[in-house]
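First up is the structure itself, then whatever we jot down about it.
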Amino acid sequence: MAMSWAPNGNIYLSPHHDDIAFSLGARIAAEPGGRLVNVFTRSGYVAGAPLALPPDVATIERVTTLRVAEDMAFAERFRLERIDLGLEDAPVHGRSPWDLDGLADDIVQVRAPLAELLRETEGARVFCPAAIGGHVNHLAVRAVVIELLPELERRAEVLFYEDLPYASSSRARRHWLPDFRAALGVRRLRRRTSAAGPEKLAAVNLYPSQHTSTVISLRQFSPKTLWPIGPHEAVWRLFTAS
């Protein structure tokens with residue numbers, strides 16, 4: 001039997017607590033509801049604090065509890081149903097988030113729980129990270145969704161969102177957008193944007209552990225593009241050329 005999703009049928013795949021607020025906070029504010037699936041939810045990272053590789057167990061427990069509380073506040077504000085898959089982020093495994101030697105291991109972590117969760121979807125819109133920026137955990141989520149695409153596309157619409165704050169860097173875009181397109185092979189893509197404003201800023205600030213001070217500008221939480229002008233978010237839709 002197909003799984004019954006939260007109202008509006010949106011499924012947001014968030015590699016970590018905060019990725020959906022940072023990348024799609026304006027969309028969430030404009031269209032509350034849906035299901036928030038957090039993947040790598042055990043972490044020892046907070047902004048401005050030194051991070052050992054791996055963090056000690058006490059740090060992981062303390063930080064994970066803190067980040068779950070932030071995520072619960074975000075979900076409550078925007079009427080999202082939360083699922084935490086409970087996987088461990090790259091630093092918990094003693095790796096840098098940018099060390100792609102661990103990508104295969106992270107894909108193995110993600111594959112079974114995410115496949116089980118997505119295989120029973122029907123009529124949903126699935127928002128997946130495009131992995132702009134090259135964070136290994138984002139790449140792992142994207143890789144598993146692409147593996148599932150032949151089956152998933154028959155039952156759901158899959159959209160790839162531009163990961164923020166990474167997509168606010170021109171350098172990151174130059175490298176990782178071609179990588180994203182190459183990962184999808186022959187599939188065609190169309191970019192869609194939506195404006196971001198005060199509600200997005202409020203969503204970003206619901207995760208204070210990830211900032212060294214209150215965020216007052218969306219410059220780092222908007223893709224670095226010549227157009228559109230002003231803060232925005234972006235998703236990439238798959239389409240078939242006629």
Side-chain angles (χ1 to χ4, degrees), residues 12-23 36-74 82-115 117 128-147 161-177 179-180 183 204-215 220-221:
Y12 300 99
L13 304 182
S14 188
H16 312 98
H17 297 125
D18 70 33
D19 284 310
I20 292 300
F22 292 2
S23 302
L36 175 61
V37 181
N38 297 300
V39 181
F40 295 93
T41 55
R42 290 187 57 76
S43 176
Y45 173 78
V46 294
L51 178 64
L53 293 177
D56 62 71
V57 172
T59 297
I60 294 167
E61 294 302 325
R62 175 179 56 81
V63 170
T64 298
T65 299
L66 171 62
R67 298 191 68 177
V68 167
E70 293 173 343
D71 200 58
M72 289 175 68
F74 172 68
R82 294 178 66 257
I83 292 178
D84 282 358
L85 295 186
L87 307 184
E88 298 174 336
D89 70 9
V92 170
H93 282 262
R95 295 187 270 108
S96 163
W98 319 112
D99 180 2
L100 299 190
D101 288 342
L103 178 58
D105 291 340
D106 287 345
I107 290 172
V108 169
Q109 277 200 84
V110 172
R111 184 178 283 119
L114 195 56
L117 193 147
C128 173
I132 296 172
H135 192 300
V136 67
N137 295 155
H138 291 233
L139 287 163
V141 174
R142 187 188 77 183
V144 171
V145 169
I146 290 175
E147 284 180 9
Y161 61 85
E162 296 197 3
D163 321 55
L164 291 164
Y166 310 118
S168 68
S169 161
S170 296
R171 179 179 297 177
R173 298 182 71 82
R174 282 195 299 270
H175 179 80
W176 291 104
L177 273 173
D179 176 84
F180 165 54
V204 167
N205 278 308
L206 287 172
Y207 295 87
S209 72
Q210 303 305 295
H211 315 296
T212 54
S213 61
T214 300
V215 180
Q220 284 191 304
F221 297 94

Residues in salt bridge (Lys or Arg N to Asp or Glu O under 4.0 Å) contact with D179, at least two apart in sequence or another chain: R142
Check: H17/D84 side-chain N/O donor and acceptor closer than 3.5 Å: yes
Heavy-atom side-chain contact between L85 and L117 under 4.5 Å: yes
Any L36 side-chain heavy atom under 4.5 Å of S14 side chain: yes
Geometric class of the H16/F40 ring pair [parallel <30°, tilted 30-60°, perpendicular >60°]: tilted
H211 and F22 aromatic centres sub-6.0 Å: yes
Any donor-acceptor pair under 3.5 Å from H135 side chain to N137 backbone: yes
From I83 atom CD1 to L13 atom CG, the distance as rounded to the nearest 0.5 Å: 10.0 Å
Nearest-0.5 Å distance that lies between atom CG in L100 and atom CG in L103: 6.5 Å
Test item: Q220 and V215 side chains (from C-beta on) under 4.5 Å apart, heavy atoms: no
From I60 atom CD1 to D89 atom CG, the distance as rounded to the nearest 0.5 Å: 8.0 Å
Approximate separation, where rounding is to 0.5 Å, of F180 CZ and E162 CD: 8.0 Å
Residue pairs involving residues 61-70 (criterion salt bridge (Lys or Arg N to Asp or Glu O under 4.0 Å); sequence neighbours excluded): D18-R67, R42-E61
D163 vs D19 side-chain heavy atoms within contact, under 4.5 Å: no
Under 3.5 Å: donor-acceptor pair, side chain of S168, backbone of F221: no
Ring geometry between W98 and Y166 (parallel below 30°, tilted from 30 to 60°, perpendicular above 60°): perpendicular
Gap separating the CD atom of E88 from the OG1 atom of T41, nearest 0.5 angstrom: 9.0 Å
